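Everything on this sheet refers to the single structure shown next.
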Amino acid sequence: MPRIAFVNGRYVPHNDACVHIEDRGFQFADGVYEVVACINGKLADERGHLDRLERSLSELSIDMPVTRRSLQFIIREMLRRNRLKNANVYIQVTRGVAKRDFPFPHDVPASIVLTARAFQFDGNVKVQKGGEAITVPDIRWKRRDIKSTGLLAQVLAKQEAAESGAYEAWMVDDEGYITEGSSSNAWIVTKEGKLVTRPASTDILRGVTRTALEKICAELQMKIEERPFTVQEAYDAEEAFNTSAVALVVPITKIDGHVIGSGAPGPVARKLYGEYRAYAAGERGEPVAWVADLQEVA
Ligand code: PMP
């Protein structure tokens, strides 16, 4: 059975799927994306991801080429045609195909591409054993709240992590505070047991997984301290972990070679992983909507 992609209205064999060389996604990274996990046949936080997709597009004045209902259908059709129950579905929307010129083109429909990739959420070794992180300077642009396909800084950060045998790169702002992971939000648990993560602002991508965990933690009466934290605080933490739609909750056991806490995945990360899985499976009622309004923090 060939792997299937969706490109501008057509389901095509993945190997033959192409976009035009003048697509602005290719020429300028003029586009945005989303990733939605499908865990045991159930889409995790679909509503949150589609809310964020719409917000990213609206911040860039790109019109969604299909309705939300159609997109929901296409996502399901991609899973069905690829016979996937555990997968990550990637949605990419660009400003479309136009003669190369910086300003927005007129009357050009946005391009849309979906791909789906099998992913085994159960038994993920990184979740069970934890991973290592390194810190790197955050060299990205200033609108990190937009899920742009312009990921060059993250590519370089992940490469550096890979070369030093680490799993993730935690990015550090000019003042020495961690912003987030290169493809995840960053959290620590202090020696005093406080759960800390950076507040949502234009400095980070407001993770949909992070937003869900905020709600879950409130229900569990686990207080989250939303504030920037330094690299030294991360070294001294009892626990550290990352959250993302792809990897859910991944414990970080070493940062820049410093062993975090006991050096093994800690109880808070483990608990939140279990709670998030229950939430994603629909065991906690309706998923939360993604909170799109960043005015208060921008
Ligand atoms: N920050 C960055 C830079 C990311 O790329 C991601 C992954 N999309 C996240 C945070 C986590 O976001 P989410 O939980 O919505 O996947």
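Computation of the quantities below employed the complete heavy-atom set of this structure, encompassing side-chain atoms and omitting hydrogens, waters and symmetry-equivalent molecules. All residue numbers refer to positions in the sequence shown, counting from 1. Remember, it's 1-based here, ligands and their atoms both numbered in the order they're listed. Predicted model, so just to flag it, every value in this text is computed and none were measured.
Evaluation of the ring-ring contact (aromatic ring centres under 6.0 Å, His included) rule for Tyr177 yields no partner, not counting sequence neighbours.
Nearest protein heavy-atom neighbour of atom 8 (N) of ligand 1: Lys147 NZ, 2.5 Å. Protein heavy atom in closest approach to atom 5 (O) of ligand 1: Ser183 CA, 3.3 Å. Nearest protein heavy-atom neighbour of atom 14 (O) of ligand 1: Thr209 OG1, 2.6 Å. Shortest contact from atom 16 (O) of ligand 1 to any protein heavy atom: Ala245 N, 2.8 Å. In terms of protein heavy atoms, atom 1 (N) of ligand 1 is closest to Glu180 OE1, 2.6 Å. At the shortest separation from atom 12 (O) of ligand 1 among protein heavy atoms lies Gly207 CA, 3.3 Å.
Phe28 and Phe102 have their aromatic ring centers within a separation under 6.0 angstrom.
Remark: of the listed residues Arg144, Arg198, Arg206, Arg140, Arg140 is the sole one forming a salt bridge (charged side-chain N to carboxylate O under 4.0 Å, His left out) with Glu180.
Of all atoms in ligand 1, numbered sequentially from 1 with element shown, those under 4.0 Å from a heavy atom of Asn185 are 10 (C), 11 (C). The contact set between ligand 1 and His49, taken as ligand atoms under 4.0 Å from a residue heavy atom, comprises 15 (O). Every atom of ligand 1 with a heavy atom of Ser182 under 4.0 Å away is listed here by number and element: 3 (C), 5 (O). Counting the atoms of ligand 1 from 1 in the order shown, those under 4.0 Å from a heavy atom of Gly181 are 3 (C). Counting the atoms of ligand 1 from 1 in the order shown, those under 4.0 Å from a heavy atom of Val208 are 13 (P), 14 (O), 15 (O).
In this structure, Trp187 and Phe241 have parallel ring planes: the angle between them is below the 30° cut-off, well short of the 60° mark.
More than 12 heavy atoms of other residues, nucleotides or ligands sit less than 6.0 Å from atom CZ of Arg100.
The closest approach between a heavy atom of Thr243 and any atom of ligand 1 is below 4.0 Å. Residue contacts with ligand 1: Glu34 is excluded, as none of its non-hydrogen atoms falls under 4.0 Å. Look at Arg52 and you'll find a heavy atom under 4.0 Å from some atom of ligand 1.
When hydrophobic residues (I, L, V, M, F, W, Y) are linked wherever their side-chain heavy atoms come within less than 4.5 Å, Phe26 remains an isolated member.
With respect to the salt-bridge test (charged N to carboxylate O, under 4.0 angstrom), the residues Glu226 and Arg210 qualify. Residues Arg227 and Glu225 are paired through a salt bridge, judged by an N-O separation under 4.0 Å between the basic side chain and the carboxylate. In summary, Lys191 and Glu233 do not engage in a salt bridge, as defined by a charged side-chain N under 4.0 Å from a carboxylate O.
Checking only distances, Leu205 never comes within under 3.5 Å of ligand 1, N or O to N or O.
When every heavy atom of Leu114 is checked against every heavy atom of Met78, the shortest pair comes out as O-CE, 3.4 Å.
Only the backbone of Ser184 comes within 4.0 Å of ligand 1, counting heavy atoms alone; no side-chain atom from C-beta on gets that close. For Ile204, no heavy-atom contact with ligand 1 is shorter than 4.0 Å.
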**OP:** Go through the steps to decide whether Glu283 and Arg277 satisfy the test salt bridge (charged side-chain N to carboxylate O under 4.0 Å, His left out), and finish with yes or no.
**Re:** CA-CA 9 Å; Glu283 291 164 22; Arg277 282 293 299 261; over 6 Å; no

